[in-house]
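Before any comments, here is the structure.
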2 protein chains.
Amino acid sequence: MDAAEQLFARRGFAATTIKMIAAESGQNSALIYYYHDSKAALYRHVLERVIGTIADGARRRIAPGSDPERVVRGVVESQVAVLAGNPHLPVLLARELIDWKAAHAEPAIRHLSATLFQELTKAIADGQATGEFRPDIDPTFAAISTIAQVGYLVLASPIAGILLGRGLDGPTDGDIQAFGQHAADFALAALRRPAVPATRASNRLEETTT
Amino acid sequence: MDAAEQLFARRGFAATTIKMIAAESGQNSALIYYYHDSKAALYRHVLERVIGTIADGARRRIAPGSDPERVVRGVVESQVAVLAGNPHLPVLLARELIDWKAAHAEPAIRHLSATLFQELTKAIADGQATGEFRPDIDPTFAAISTIAQVGYLVLASPIAGILLGRGLDGPTDGDIQAFGQHAADFALAALRRPAVPATRASNRLEETTT
DNA sequence: GTCTATAGGCTGATAGAC
DNA sequence: GTCTATCAGCCTATAGAC
């Protein structure tokens, strides 16, 4: 499974052969068919295992019910932590997105969407309700913008690498950590209601929203 | 070439066969080898053609030297326009990123980085110099956050589709247009210096930066 | 459970007629 | 330029010895 995960991530499903996996793991290729029905089944097993670690990591890191700002930071930090802890997770997930339109990952994505993402969206809406965040932003779009930053950095890692002067190998771990910090700050700077000078118009708005 | 572009985008390099391309384009498979040296060469030609359209689209849309806010909007709008105009561009590019670490696209990416991206970064730095933008954000990171939003929406399109309630087929064209508008607003909201109430401290800061 | 051997099919690429 | 025919090699998957 480890060998398969590595190879599927590095070369993709179609370009990885059963014999490669056997060689990489020092086993016989026929043995793989003793444990898995087919190459496709092996791939499903690998993917399910990897997705399990995302779900675990995400679940453990979000303290629900805390204030909006902490939720935003928590989500971005959990992205960074999960991605940093599983080196070929982003590649494997990216391949799944593109090769199968995430068909195998759909249940997991829907679950993350229904929990983590909804919580982020709700935190943003809550922040708007209390007047902490500006009201003129769609909470769903804002949540996507928030997670998109770190997501793009790892999905488009060769591009990000060039933009950061690191070359095609992509950002370093340090870059990702630093960018994660920035991403949370950036999202919160966009969300926070600007401290407008006290005019009548803004006062009226303040009263209706608090 | 059109058939090859479509198939390479839909199924990937390894999973696309020369005979598939021949069948799709109503030609003989041997004829492909008359025009292209190998499958890999055909892929390179397809990719070069596609990348040309990105470069063209980007070049035509950015008015250099305009004010920082216009540059930010222009970059995001050009992303949306190029992606909307070329349906399988994001998929093909995503596959190139992941299958070859963008090795074939490197010159184009470096060029876009040296022109478009540097211009965006410079516009942000300029905005900071004039006091229009807050100074406590790294311009390079801010530029990545800006382009990451629409980039993520199309690269992780099945995820974005689920988050937006559209399913695995991803966001609609309308979604991408609307999100592009939001993305520019979101980035500018993050960048703009908050209009702090006039205290002595903020006045002092104002005087040193303008 | 682990191995060897191999079937059966598809692939990229070429030779050569027209 | 376009076609048919075909090769040599690699692939997934299985049969069967141990």
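Chain identifiers are assigned alphabetically (A, B, ...) following the order of the sequence lines, protein sequences preceding nucleic acid strands; residue numbering begins at 1 within each chain.
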| query | Can a side chain N or O of B:Y33 be found less than 4.0 Å away from OP1 or OP2 on D:dT2? | reply | no
| query | Nearest of C:dT4, C:dG12, D:dA13 to any side-chain atom of B:K39? | reply | C:dG12
| said: Rounded to whole Å, how long is the line connecting atom CD of B:Q27 with atom P of D:dC3? | reply: 7 Å
| Quick one: which of A:R10, A:E5, A:Q6 gives a side-chain hydrogen bond (donor to acceptor under 3.5 Å, both in side chains) with A:H88? | A:E5
| query | Does A:E106 come within less than 4.0 Å of A:R110, counting only side-chain N to carboxylate O? | reply | yes
| field | A:L31 CG to D:dT12 C1', straight-line distance once rounded to whole Å | value | 16 Å
| request: Consider only side-chain N and O atoms of A:T172 and A:D175, and report whether a donor and an acceptor are under 3.5 Å apart. | output: yes
| d(CG, A:N28; C1', C:dT6) in whole Å | 13 Å
| Between B:H36 (NE2) and C:dA13 (P), how many Å, whole number? | 12 Å
| remark: Which of C:dA13, D:dT2, C:dT11 is nearest the side chain of B:S38? It is C:dA13
| field | Among A:T17, A:V46, A:T16, side-chain contact (heavy atoms from CB on, under 4.5 Å) partner for A:L7 | value | A:T16
| With respect to the phosphate group of D:dC3, does any side-chain polar atom (N or O) of B:Y34 fall under 4.0 Å of OP1 or OP2? | no
| task | Measure the distance from NZ on B:K19 to P on D:dA5 and round it to the nearest whole Å. | result | 11 Å
| note | Taken to the nearest whole Å, CD1/B:I21 to C1'/C:dA13 is 14 Å
| said: By nearest atom, which of the nucleotides D:dT12, D:dT2, C:dC3 is closest to the A:T17 side chain? | reply: D:dT12
| query | Expressed in angstrom and rounded to an integer, what is the separation of B:I18 atom CD1 from D:dT2 atom P? | reply | 16 Å
| request: Using atom CE of A:M20 as one end and atom C1' of D:dC11 as the other, report the distance to the nearest whole Å. | output: 10 Å
| task | Decide, yes or no, whether a salt bridge links B:E69 with B:R192 under the criterion of side-chain N to carboxylate O below 4.0 Å. | result | yes
| query | Counting side-chain heavy atoms from C-beta on, which of D:dT4, C:dT2, D:dT2 comes nearest to A:Y35? | reply | C:dT2
